[in-house]
Amino acid sequence: MNVWIAIGVTVLGCYAVKLAGLLVPAGALERPVVKRLAALLPVALLAALTAQQTFADGQVLVLDARAAGLGAAAVALMLRAPFLLVVAAAVLVTAGVRAMGVG
């Protein structure tokens with residue numbers, strides 16, 4: 001029964017956030033600071049998620065094969081490789097490092 005309570009609370013919370021977004025006056029959304037934040041916030045959230053998924057294992061910081069894969073993806077991005085090549089480089093390097101028994 002506790003799971004259904006959690007689901008219900010989550011549903012209500014999501015609806016409340018959506019409703020709060022609709023109630024914001026249009027003039028507030030046209031401010032330059034708000035526009036800059038709206039442009040930068042997704043990038044910051046994605047970077048934080050990537051860092052958390054790469055360098056965390058539960059509540060412990062780790063440096064393993066995932067970090068090598070992220071490094072390979074960063075190099076591929078700096079070389080302006082297509083997205084699929086970036087993903088393939090990250091996968092291949094991560095798998096190679098794990099196959100060597102390092103991470």
Side-chain angles (χ1 to χ4, degrees):
M1 189 66 173
N2 289 339
V3 172
W4 288 108
I5 292 171
I7 290 171
V9 169
T10 303
V11 167
L12 290 174
C14 288
Y15 183 76
V17 168
K18 179 78 171 183
L19 184 61
L22 292 173
L23 295 176
V24 173
L29 299 176
E30 295 299 322
R31 294 181 182 166
V33 173
V34 175
K35 284 186 177 184
R36 258 185 282 142
L37 277 175
L40 295 176
L41 194 59
V43 176
L45 290 173
L46 183 59
L49 178 63
T50 301
Q52 193 273 334
Q53 290 293 315
T54 302
F55 300 112
D57 187 15
Q59 300 217 351
V60 179
L61 289 175
V62 293
L63 191 61
D64 59 5
R66 296 175 292 182
L70 183 63
V75 168
L77 283 172
M78 284 190 288
L79 296 174
R80 301 204 181 270
F83 180 72
L84 288 177
L85 199 59
V86 171
V87 173
V91 168
L92 290 173
V93 169
T94 302
V97 170
R98 284 192 177 167
M100 291 188 304
V102 177

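Index from 1, following the sequence. All values below come from the heavy atoms of this structure, side chains included, with hydrogens, waters and symmetry mates left out.
- Pairs passing the salt bridge (Lys or Arg N to Asp or Glu O under 4.0 Å) check and including a residue from residues 33-47, sequence neighbours excluded, read E30-K35.
- Pairing each heavy atom of A76 with each of A89, the nearest pair is CB-CB, 4.5 Å.
- In the hydrophobic clustering, V33 connects to L37, either directly or through intervening members, whenever side-chain heavy atoms lie under 4.5 Å apart.
- Under the rule for a side chain to side chain contact (heavy atoms under 4.5 Å, CB included), the partners of A67 that lie at least two apart in sequence or sit in another chain are T54, F55, L63.
- For residues 65-88, every residue pair satisfying the side-chain hydrogen bond (donor to acceptor under 3.5 Å, both in side chains) rule, not counting sequence neighbours, is listed here: D64-R66.
- In the hydrophobic clustering, where aliphatic and aromatic side chains (Ile, Leu, Val, Met, Phe, Trp, Tyr) are joined below 4.5 Å either directly or transitively, L41 groups with L45.
- Listed by chain and residue number, V93, V97 satisfy the side chain to side chain contact (heavy atoms under 4.5 Å, CB included) test with A68 (two or more places apart in sequence, or in another chain).
- The hydrophobic cluster around L84 extends to none of the other residues, as no ILVMFWY side-chain heavy atom falls under 4.5 Å of it.
- For L29, the side chain to side chain contact (heavy atoms under 4.5 Å, CB included) partners at least two apart in sequence or on another chain are V24, V34.
- Residue V86 shares its hydrophobic cluster (ILVMFWY side chains chained together at separations under 4.5 Å) with L77.
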Give the table of side-chain donor-acceptor pairs shorter than 3.5 Å for residues 9-21, with sequence neighbours excluded, one pair per line with atom names and distance.
unit_1: T10; atom_1: OG1; unit_2: A6; atom_2: O; d: 2.8

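- Within the structure, salt bridge (Lys or Arg N to Asp or Glu O under 4.0 Å) contacts touching residues 83-97 (residues at least two apart or in different chains) do not occur.
- For L79, the side chain to side chain contact (heavy atoms under 4.5 Å, CB included) criterion is met by V75, not counting sequence neighbours.
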